[in-house]
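Beneath this line is the structure, given in structure tokens, with notes to follow.
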Number of protein chains: 2
Amino acid sequence: MNKKYTIKDIAQLAGVSKGTVDRVLHKRGKVSDDALKKINEVLDVINYEPNLIARNLKNNKVYRICILLPDPKIDPYWLPCIKGIEDAVQEFRAYNFAIETFFFNPEGKKSFLKINETVLEKSPDAVLLPPLFHKETLEVIKKYDELNIIVNTFNNQVQSDSIKSFVGQDLFHSGRVAAKLLDLLLKKGQIAIIHIDESIKNAIHMQEKERGFRNYFSEKQNQDYNITTLKLKNPNVEINFNNFLNENPDLSGIFISTSKAYQIAKVISETKHKKIAVIGYDLIENNVNYLNQGVIDFLIHQNQKRQTYLGVTSIIEFFLFDKQIPNTILLPIDIVNSENASFYIE
Amino acid sequence: MNKKYTIKDIAQLAGVSKGTVDRVLHKRGKVSDDALKKINEVLDVINYEPNLIARNLKNNKVYRICILLPDPKIDPYWLPCIKGIEDAVQEFRAYNFAIETFFFNPEGKKSFLKINETVLEKSPDAVLLPPLFHKETLEVIKKYDELNIIVNTFNNQVQSDSIKSFVGQDLFHSGRVAAKLLDLLLKKGQIAIIHIDESIKNAIHMQEKERGFRNYFSEKQNQDYNITTLKLKNPNVEINFNNFLNENPDLSGIFISTSKAYQIAKVISETKHKKIAVIGYDLIENNVNYLNQGVIDFLIHQNQKRQTYLGVTSIIEFFLFDKQIPNTILLPIDIVNSENASFYIE
DNA sequence: AATATTTATGTTTTCGAGCACAATATTTAT
DNA sequence: ATAAATATTGTGCTCGAAAACATAAATATT
């Protein structure tokens, strides 16, 4: 039925040697029309799939993959990524891969450019990175492309022909999910969209989320909401938000576009105030605490761990099994409340 | 640094032949104390990991895995499982596995027992099944165990020493997640827990969900809710629920413990009634339609596809790589609304 | 026609683990 | 002391793909 044919089988069936079969399969060397015909006739009938185990046994090239990651010590958002990388390394440790992670400072473009110099010197076969800085990313990607180094991205999307793949979430829809949740909780009232520490590096991130959030309500044509956008910068986030709260006593819902929801939650929990619905991002410890206390109602989980896991494994499987790297992998937008949070955290 | 050592390397370092090293590694045959000592000294210093590729190349045993699945034509709940199995098969097609799926009628224990006869005749190396019928499952599992056939379960948990592994969700917490969602939407009022077509096969399923649901509210000690349980059976679900609605005009929330929420949603959408919050299970087409219409507020996704995928792959990796099968794999309890549903559906 | 060159095809080795079998060393029995 | 039995160790083959290498056949050059 589905017997596994080998090159030797094909050679026998076609009445040639396995060397000739190999040349046909890999389109190398010259083969006579006669032999080609005979082999193709066999290949048409049977379903040949090369044994990937045997292929990779002989292959002793060490593939080098470099991963660029914002330092989790500076922004804990990136911490789960390390586990995702480790999982991938573990799963494919039988194969010849040298996978190295390089940390850069997410606040500084210089750090990003510098680390790319280091990576270039390693002359890797593939690079995985979050394209936080738009212009700088395009620069470095161009260099990689010229050297035939595969570039995969995660976290946020940047358009470039030099990018082979993107793993992440649809940020526009992520904003819509948040909007739907608030809509369900509130039905009407004043809503604030809060961006904290908006810098160039994640401005697009936040804008997309806001666009989706507003899109949901404008599609509903619901006039019962009053939506304002608030941009706050550390170290004045708490003071300024407190002022905003005092000036807007009727505020009933908040959508925070980054993982800094805990800063807002802190102010709210310290203030006597009617219940405000709060939706934020990411299951970092501070956020989960406020989720469990009931100050934050929902967190949207961006699944960083799986982003890097899939980013790395798709590269590995490309080299090992000639598996095509998907252009885009969109991960589900996980809605998290106090009751299911633990299942998303390792 | 982390050079990969081979048996040949060890043999050279220890000054013996690779045959002897092999005997030590596999504790087979007799080896002199002298040789054992020399080899162990080498093994203490270096970190030997056998090359799994080479090992599996030679291994031409065909492992047989049988999967028992309720017929998706009878209950579409099980449809995604097929994709999960296919994914696993695809991923490991390079290896020698014969993976066969057998369908049984989820309504009938006889069908289940009969299909187990068929599976037994195949003398598989491992079996994956959802233990829907408690007593019957224990019976068949005992037989498998006596024949040294590995038994993995998914969907719902049954206690037995003969079961190697369970993949699924924590149903108690699943009920709590639903409760938390309703609590957030309602704050107070009358809530109905509805079990549809409760039969022995999934009675425990439903009971666990109800237990978690009620546990959440009793923990909160909130007296503002009035929770009643309603058991409905087809073909009278719609009529009986309609009656219930008329008798309870103040009903404000419903939790349906199975994938049949669409039956309830249908009645609600056909009735002039104030908004009732509805939470159900599973992203089957009918449910998602009512989710998009706003009749159902949330669906809890039980991720059947991933359940079977993980159930199968953990068996495969056990045979291939001696990887231990995890006793329990608990999948996250995914909260789904109209905005993120599409990302969970393939 | 004889030799050089190109083109086509077949053979052999390699990768690492695993295991059968052959070879050698040691012990036991007579 | 020597044959036989047993214990220990070494060798070589297998798995399938890949590619280097070797050979054979066909064509070109003088």
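Computation of the quantities below employed the complete heavy-atom set of this structure, encompassing side-chain atoms and omitting hydrogens, waters and symmetry-equivalent molecules.
Distances were taken from every side-chain heavy atom of A:Asp22 (C-beta onward) to each of C:dT9, D:dA18, C:dA17; the shortest belongs to D:dA18. Considering only the side chain of B:Ser17, D:dT9 comes nearest among D:dT9, C:dG16, D:dA17. Here the nucleotide nearest the side chain of A:Val16, chosen from D:dA18, C:dA8, C:dG10, is C:dG10. Residue B:Lys58 places its side chain closer to D:dC15 than to any other of D:dC15, C:dT9, C:dC19. Listed nucleotides: D:dA17, C:dA17, C:dT9. Nearest to the side chain of A:Tyr48: D:dA17.
Following rounding to the nearest Å, B:Lys38 (NZ) and D:dG10 (C1') show an atom-to-atom distance of 13 Å. Protein atom CG of B:Leu320 is 16 Å distant from nucleotide atom P of C:dA17, rounded to whole Å. If you measure from atom NZ of A:Lys27 to atom C1' of D:dA19, you get 18 Å, rounded to the nearest angstrom. Regarding A:Leu52, its CG atom lies at a distance of 15 Å from the C1' atom of D:dC15, rounded to whole Å. Atom-to-atom, CG of B:Asp34 to P of D:dA7 comes out at 18 Å; the value is rounded to the nearest Å. Across the protein-nucleic acid pair, A:Asn56 atom CG and C:dG16 atom C1' stand 13 Å apart, rounded to whole Å. The NZ atom of B:Lys4 sits 11 Å away from the P atom of C:dA17 (whole-angstrom rounding). Rounded to whole angstrom, the span from the CG atom of B:Asn96 across to the P atom of D:dC15 amounts to 13 Å.
At the heavy-atom level, A:Leu57 lies under 4.0 Å from base atoms of the strands shown. The residue B:Asn51 sits close only to the backbone: its heavy atoms come under 4.0 Å of sugar-phosphate atoms, none of a base. B:Arg28 comes within 4.0 angstrom of the backbone, heavy atoms only, and of no base.
With respect to B:Tyr309, the side-chain hydrogen bond (donor to acceptor under 3.5 Å, both in side chains) criterion is satisfied by exactly one of B:Gln304, B:Glu91, B:Glu86, B:Lys83: B:Glu91. Test A:Leu320, A:Ile315, A:Val312, A:Asp125 against A:Phe97 for side-chain contact (heavy atoms from CB on, under 4.5 Å) and you get one pass: A:Leu320.
B:Tyr144 and B:Asn116 form a side-chain donor-acceptor contact under 3.5 Å, judged by distance and modelled atom types alone.
Residues B:Asp33 and B:Lys37 are not paired through a salt bridge, judged by the lack of any N-O separation under 4.0 Å between the basic side chain and the carboxylate. Salt bridge absent: B:Lys4 and B:Asp9 never bring a charged side-chain N and a carboxylate O closer than 4.0 Å. Ionic pairing of B:Asp334 and B:Arg306 is not present here: no N-O contact between side-chain nitrogen and carboxylate oxygen is shorter than 4.0 angstrom.
Between D:dA19 and A:His26, no contact under 4.0 Å exists linking OP1 or OP2 to a side-chain N or O. Note on B:Thr6: every side-chain N or O is 4.0 Å or more away from OP1 and OP2 of C:dC15. In terms of phosphate contacts, B:Thr20 brings no side-chain nitrogen or oxygen within less than 4.0 Å of OP1 or OP2 of D:dT8.
At a cut-off of 3.5 angstrom, the base of C:dG18 holds at least one donor-acceptor pair with the side chain of B:Lys18. In the interface, the side chain of B:Arg23 is paired with the base of D:dG10 through a donor and an acceptor atom under 3.5 Å apart.
In this structure, B:Tyr63 has its ring center closer than 6.0 angstrom to the ring center of B:Phe319. Ring pair B:Phe104/B:Phe112: centre-to-centre distance below 6.0 Å.
When the nearest nucleotides of DNA chain C are assigned to A:Ala54 and B:Leu25 by heavy-atom distance, the more 5′-ward of the two goes with A:Ala54.
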Practice task
Would you write the dot-bracket representation of DNA chain C, where each base gets (, ), [, ], | or . depending on whether it forms a Watson-Crick or G-U pair under 3.5 Å and with which partner?
Solution key: ||||||||||||||||||||||||||||||

